[in-house]
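The structure appears below as structure tokens.
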2 protein chains.
Amino acid sequence: MDKKYKLILVEDDSSLGYLLSEYLGMKNFNVVWAKTAEEAIVKTKSNAFDLAILDVMLPDMDGFELSQKIKGINPELPFLFLTARSLKIDVLKGFSLGAVDYLKKPIDEEELVVRINALLSRLSTSEEEEEHASEYYMGDYTLNMDNFELRYKNELIKLTGKEFDLLALLAKNQNQLCTHKEILTTIWDKNDYFNKKSLNVFVSHLRKHLAKDKRLSIVNVNRRGFMLRVEE
Amino acid sequence: MDKKYKLILVEDDSSLGYLLSEYLGMKNFNVVWAKTAEEAIVKTKSNAFDLAILDVMLPDMDGFELSQKIKGINPELPFLFLTARSLKIDVLKGFSLGAVDYLKKPIDEEELVVRINALLSRLSTSEEEEEHASEYYMGDYTLNMDNFELRYKNELIKLTGKEFDLLALLAKNQNQLCTHKEILTTIWDKNDYFNKKSLNVFVSHLRKHLAKDKRLSIVNVNRRGFMLRVEE
DNA sequence: AATCCTATTAATCTTTCATTAACCTTTTTG
DNA sequence: CAAAAAGGTTAATGAAAGATTAATAGGATT
């Protein structure tokens, strides 16, 4: 049996939203429907979606802005934009090569399913490729991977080697849980009681370093691991 | 595998900045996104960019003014301006000291990639002269690669062979980390404990030589390497 | 061969940083 | 709800890395 993919549909129009979620449900997708951007953000935090379908015109926020925030929560999520405007299409068409696509309204449901599957299949094939970003952004902080520098609004913050390694791992997976095992095996090479104690110390240090931006927090998930949370 | 070019995109508009950096990332560019001119200046100091894409209208500074400042930091950097205004070519003529191009908004991303590649290819043909830069400038010091001379405001400072090699490497990568491995393999050919000890001695010598300009410092990044930092 | 120059090695001192310990707070479990 | 486990924070410690100066050795030059 195929994996049942979980989608979030962000659409303020009730009729269209209902119609699409029903239709996609019939097509064996697990659909969560959010009517506002705010709702979408909350839902993204508490669900592991495989794909997001966003109306670009929402009552409370621009769809692109929303996509950015969602990406902050779940960086791997592919997007499918629903747009009535033809204006932005020239901006979006370039994305048809990557994990972003768009559809013009009115929506053709069959076409929608084709696009969804295209995005999902692309995701699974490119899962292996490692991303080597040279900078990670977290709120007003920037972590530069080339010179091992952390900056808060251009102010340099000195990090030790292990502090940097840990923050880099958390930043790479921001808003996603890093398990104890994952952290300890990548940074300490060994997953034992004493290294776990050491990890706690470093988490504490990093919290101090990141204290200047209230939107950032390193949260503990009891018995599982840590997560760098970046709030919108 | 092709070299991954590193670009800085200076764009205050969140939606456009996000879309472009995502798109260029997909096109296998390493993109660093700055939202303000000030941010751009800091990032230019701490990254070795191959190209800069500047919005001409920024909240804190005019894009052309910014380009001049960036040019002061990285003189070889080619520019690509994004402009809403229909600019006449003669305005850009003043900038044709280096590789410069411009694109009108709204941006056609495919066109953007074509222009970027055009600028970069122009760069690579003249890469020969970049590698053989005859002088490096660090604060009030000048390192002449042709006659192996270091000068502080015209005052000649005598360097030994290894001192020169090391300073040249650091100067070429100023404000960027040079790892122990990088230094030892390029200057000593072998990366072992004793050469590392020797490196420390030379760093100490160079610090004395560079002491006359307080803005210069050779900083150590524990267990990673050294960096020639040039302030302001 | 004596002198000069320079890179390496040695010796010594200082700094840095990961670990450990100690103690406190929060969460989980029985 | 009490005991136990896990997590949080700060400080002490010691080993490793780095900085600096001096000594040595080896090659080149005269």
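Throughout, protein chains are lettered first and strands after them, A, B, ... in sequence-line order, and every chain is numbered starting at 1. Since we're looking at a predicted model, the values are computed, not measured.
- The environment of NZ in A:Lys181 is sparse: at most 12 heavy-atom neighbours from other residues, nucleotides or ligands sit within 6.0 Å.
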Base versus backbone protein contacts along nucleotides 11-23 of chain C [heavy-atom cut-off under 4.0 Å; B, S, -]: -----SSSBB---
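- At the heavy-atom level, B:Phe226 lies under 4.0 Å from the strands shown only through sugar-phosphate atoms.
- Atom pair B:Leu166:CG and C:dT8:P shows a separation of 12 Å (rounding to whole Å applied).
- Ion pairing of B:Glu149 with B:Lys158 is absent here, as no side-chain N (NZ or NE/NH1/NH2) approaches a carboxylate O to less than 4.0 Å.
- Dashed line: the shortest gap from a side-chain N or O of B:Lys208 to OP1 or OP2 of D:dA19 is not under 4.0 Å.
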Verdict with reasoning, B:Leu143 to B:Leu159, per side chain to side chain contact (heavy atoms under 4.5 Å, CB included): CA-CA 10 Å; B:Leu143 188 69; B:Leu159 294 183; 4.1 Å; yes
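- With rounding to whole Å, B:Tyr193 atom OH is found 11 Å from C:dT9 atom P.
- Rounding to whole angstrom units, NZ of residue B:Lys196 and C1' of C:dA10 are separated by 19 Å.
- Per the geometry, CG belonging to B:Leu206 stands 14 Å off P belonging to D:dT21, to the nearest Å.
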Verdict with reasoning, B:Trp188 to B:Leu199, per side chain to side chain contact (heavy atoms under 4.5 Å, CB included): CA-CA 9 Å; B:Trp188 275 267; B:Leu199 168 58; 4.2 Å; yes
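- Counting only distance, with no hydrogens or angles, the side chain of B:Trp33 and the backbone of B:Ile8 share no donor-acceptor pair below 3.5 Å.
- For the side-chain hydrogen bond (donor to acceptor under 3.5 Å, both in side chains) test, residues two or more places apart in sequence or in another chain that qualify with A:Asn144 are A:Glu135, A:Asn147, B:Asn47.
- The shortest distance between the side-chain N/O atoms of B:Asn200 and the OP1/OP2 oxygens of D:dG18 is not below 4.0 Å.
- Per the geometry, CG belonging to B:Leu167 stands 14 Å off P belonging to C:dA7, to the nearest Å.
- Looking at residues two or more places apart in sequence or on another chain, you find a ring pair (Phe, Tyr, Trp, His ring centres under 6.0 Å) between B:Tyr152 and B:Tyr141.
- Counting to the nearest Å, the C1' atom of D:dG7 and the CD1 atom of A:Ile218 are 14 Å from each other.
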Protein-nucleic acid N or O pairs under 3.5 Å, nucleotides 23-29 of chain D:
none

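- Atom pair A:Asn220:CG and C:dT28:P shows a separation of 9 Å (rounding to whole Å applied).
- Few gaps surround NZ on B:Lys45; more than 12 heavy atoms of other groups in view lie less than 6.0 Å from it.
- Within the structure, a side-chain polar atom (N or O) of A:His180 is placed less than 4.0 Å from OP1 or OP2 of D:dG7.
- Side chain to side chain, B:Asn74 and B:Thr44 fail the donor-acceptor criterion of an N or O pair below 3.5 Å.
- Partners of B:Asp192 according to the side-chain hydrogen bond (donor to acceptor under 3.5 Å, both in side chains) rule, which considers only residues two or more places apart in sequence or in another chain, are B:Asn195.
- At the heavy-atom level, B:Phe164 lies nowhere under 4.0 Å from the strands shown.
- Helix-axis bend for the helix from C:dA1-D:dT30 to C:dG30-D:dC1: the local axis fitted to the five terminal pairs at one end deviates from that at the other end by 40°, rounded to 10°.
- The 12-atom threshold is exceeded at CZ of B:Arg207, counting heavy atoms of other residues, nucleotides or ligands nearer than 6.0 Å.
- For B:Glu182, the CD atom is densely surrounded, since the number of other residues' heavy atoms within 6.0 Å is greater than 12.
- Put simply, CG on A:Leu210 is 14 Å from P on D:dG8, counting in whole angstrom units.
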